[in-house]
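Below you'll find the structure, written out as structure tokens, and then a few comments.
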Number of protein chains: 2
Amino acid sequence: MKGIRRLAQHLNISIGTVSRALNGKPDVNEDTRRRVLAAAVELGYMPNQAGRALRRGSTSVIGLMIETSPETAANSDNFVVGLMDGLQSVLARHELDLIVLPCSSDEDPGNYLQRIVGRRLVDGMILTSTQHRDTRVDFLARSKIPFISLGRSDAGDTHPWIDLDFEGVANRAVDRLVTQSHHRIAITIPPTDINLGYVFLDAYKAALERHGLPFDPELVIRAKTSEQGGYLAADQMLNMPERPTAVMLIYELMAIGFYRRLSEASLQAGTDIAVVGFRESPQSRFLSPTLTCFRLSLRDLGIAVAESLLATMPEYQAQYPLGEVHMIWPMELVEGESDALPTAAPT
Amino acid sequence: MKGIRRLAQHLNISIGTVSRALNGKPDVNEDTRRRVLAAAVELGYMPNQAGRALRRGSTSVIGLMIETSPETAANSDNFVVGLMDGLQSVLARHELDLIVLPCSSDEDPGNYLQRIVGRRLVDGMILTSTQHRDTRVDFLARSKIPFISLGRSDAGDTHPWIDLDFEGVANRAVDRLVTQSHHRIAITIPPTDINLGYVFLDAYKAALERHGLPFDPELVIRAKTSEQGGYLAADQMLNMPERPTAVMLIYELMAIGFYRRLSEASLQAGTDIAVVGFRESPQSRFLSPTLTCFRLSLRDLGIAVAESLLATMPEYQAQYPLGEVHMIWPMELVEGESDALPTAAPT
DNA sequence: CTGAAAGCGCTTACAG
DNA sequence: CTGAAAGCGCTTACAG
């Protein structure tokens, strides 16, 4: 005898009553409920997930899909782990559990997701590393499972998403650099099909145009979003016939490699070339020079993502009347030393 | 009509035969099997996890528990994400899925684990951030669920574990520094009860003793395993009346903050103070000066962890006859510039 | 080789 | 307020 049956036998009542007591149903004698709850703790009873999910038709589990290929591992994980606490703080209100679903580099993300969703492992999904053309989005929309993506895709506003304010970042970075008299401003974008690369590039072009600056495709450097990518980006820039005087890095960790390459050329960020990073991180504050970048609260973002997901789930949408969320998450400029040119470069 | 029933109806055969065909049972007509497999793909059928798990009594899911408090998030995640690909490469052989179970900072890790295991969400568990006195280990041992911990605990060899070679690292680091004529060698250890702090400290003491150097408790600096922790550790060292000439940092990211504080004092690692980091990471290679540290393959470690876990599971142990694994994972010295003192300090 | 049936551990209408 | 029973979607002895 095990599970709820054992508990019921121990108390000498039916399993139905035990279940009702445990699940907080109203029509249970208060004394019975107390006895059941006490016995559950005493015997360490936990309802079997499979039995419960099968009967209920839902799992009370929300999945967060990440990719674990060595490249993405190096970047996005810090970001994603930072989100989790915020996500869980919302989900915990409703006794929903968060599980992270890592798609290995051996498996196609689309297939992986199909397996997870097809098996009904989760009630809702959160996607990360959204691609420009992302088949996962189409699949989830077709399969009617509640989901939200962290990042837009070319599917536009046909599904819930929250994305970082790449436009704002590009605008303010370019404004700031132009004010410092820079007019050859490079950017790095990821070499993959991740959507943020597209968004950032467009925003950069628009910002240049606003300032009447020409767009030079040579100044768009495709580089891995890693320390090494930063190193190689710096290398590429140093070898340009007409060297840019400023650069915007799309990932904060790239700054470490970028700085390294500069130092090998006896150059320094801030003094010899202006560098603006993307997301503020512990690293950015302790690098020398400190990195000018943009701040956001990962916890608050996690909370917003979770609430926006719940807003699409029938059982919870009354509590989160947000509709289908399409949201740009603001980021705040943090001034560092990396673009503080003491004397503005002459135009 | 849905699930396996729909598939069976579509093919006009019984659900039993469908199940047997899908699960590769031998007593199925090959033609029938082909038709079933084709129809499953066509209709996008995936067996419902709850139904399958309930019937089988096992989930085919392995859990990897991590902690998502802001502090641990900053460190261990890079490490853990790096493991995942190796873990999955082994688990995939047996159609086992890896899920990551993040314990939020609001919840007690022991309670969290009890909930997960009690609900039978997974067939086996991998623990990380093993504490010196780790109640999770005791709980898992009592509940008879297969598990392995990444890191030893004070429970000793009563359960499977794989741990990094802190002893070897401490030995080689001290040897190397002593050869460079250092005799005041500091170390940092985490301010928490995580077991690696204990192991590292013991190994450090033993290494000093081997060289006939006195142990000075003042040289053991408790510092957060973060950039900021590194910064504060450097600060503390600089203010010591008798300043250490070398330091071993227990986490690689601490070097960034450590370097920053040195640069604020117009000092440099390698020239003014020898720094040895712990695990090699992309950062360590791109810092200036590059960090002397120790290399390991996270993928291979992940493979070893997964295989050692399977070795404890009845269905798989014949394929992985490793017994109960207690394993120290070797690490290889990577020479950097951070402890390359051009002129040895006089004794 | 295939089908009919039992049963995994729950939750929840339904009777009483 | 409680109990007995049905049934969620599977897998697997058991018959044939």
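Naming: A, B, ... by sequence-line order, numbering from 1 per chain. Since this is a predicted model, take the numbers as computed values, not measurements.
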Under 3.5 Å, which N/O atoms of the protein pair with N/O atoms of nucleotides 4-7 of chain D?
none

Please tell me if Asn23(A) has a side-chain N or O lying less than 4.0 Å from either OP1 or OP2 of dT11(C). yes

What is the distance, rounded to the nearest whole Å, between atom CG of Leu22(A) and atom P of dG9(C)? 16 Å

Which pairs, with at least one residue in residues 13-28 of chain A and sequence neighbours excluded, count as a salt bridge (charged side-chain N to carboxylate O under 4.0 Å, His left out)? none

Report the residues that fulfil salt bridge (Lys or Arg N to Asp or Glu O under 4.0 Å) with Arg33(A), sequence neighbours left out, ordered by chain and then residue number. Glu30(A)

Leu121(B) atom CG is separated from dC10(C) atom P, nearest whole Å, by 14 Å

Taking atom types as modelled, is there a side-chain donor on Thr59(A) or Asp123(A) under 3.5 Å from an acceptor on the other? yes

Would you tell me if any nitrogen or oxygen in the side chain of Arg52(B) comes within less than 4.0 Å of OP1 or OP2 on dT11(D)? yes

Hey, could you give me each pair passing ring pair (Phe, Tyr, Trp, His ring centres under 6.0 Å) that has a residue in residues 22-64 of chain A? Not counting sequence neighbours. none

Return each pair, listed once, that meets ring pair (Phe, Tyr, Trp, His ring centres under 6.0 Å) where at least one residue sits in residues 83-110 of chain B; pairs must be two or more places apart or across chains. His94(B)-Tyr316(B), His94(B)-Tyr320(B)

Determine which bases of DNA chain D form Watson-Crick or G-U wobble pairs with both distances under 3.5 Å, and write the result as a 5' to 3' dot-bracket string with | for other-strand partners. |||.||||||||.|||

Salt bridge (Lys or Arg N to Asp or Glu O under 4.0 Å) filter on Asp106(B), not counting sequence neighbours, yields none

If you look only at pairs with a residue in residues 104-139 of chain B, which of them pass as a ring pair (Phe, Tyr, Trp, His ring centres under 6.0 Å), with sequence neighbours excluded? His132(B)-Tyr198(B)

Let me know the distance between CG of Leu54(B) and P of dT11(C), rounded to the nearest Å. 12 Å

Pair Arg52(B)-Asn23(B), side-chain donor/acceptor within less than 3.5 Å: yes

Rounded distance in Å - CE (Met1(B)) to P (dG9(D)): 10 Å

By salt bridge (Lys or Arg N to Asp or Glu O under 4.0 Å), which residues pair with Asp97(B), not counting sequence neighbours? Arg115(A), Arg119(A)

Distance from Leu150(A) atom CG to Leu196(A) atom CG, nearest 0.5 Å? 10.0 Å

Using the salt bridge (Lys or Arg N to Asp or Glu O under 4.0 Å) criterion, which residues pair with Asp193(A)? Sequence neighbours excluded. none

Using a heavy-atom distance cut-off of less than 4.0 Å, which residues of residues 2-13 of chain A contact DNA chain D? Ile13(A)

Side-chain donor-acceptor pair present, Asp85(B), Thr68(A), cut-off under 3.5 Å: yes

Check this for me, if you would: do Arg133(A) and Asp138(A) make a salt bridge, where the nitrogen-to-carboxylate-oxygen distance has to be below 4.0 angstrom? yes

Please report the distance, rounded to the nearest Å, between CZ in Arg56(B) and C1' in dT12(D). 11 Å

Do any of residues 25-47 of chain B sit with a heavy atom less than 4.0 Å from DNA chain D, and if so which? Lys25(B), Tyr45(B), Met46(B), Pro47(B)

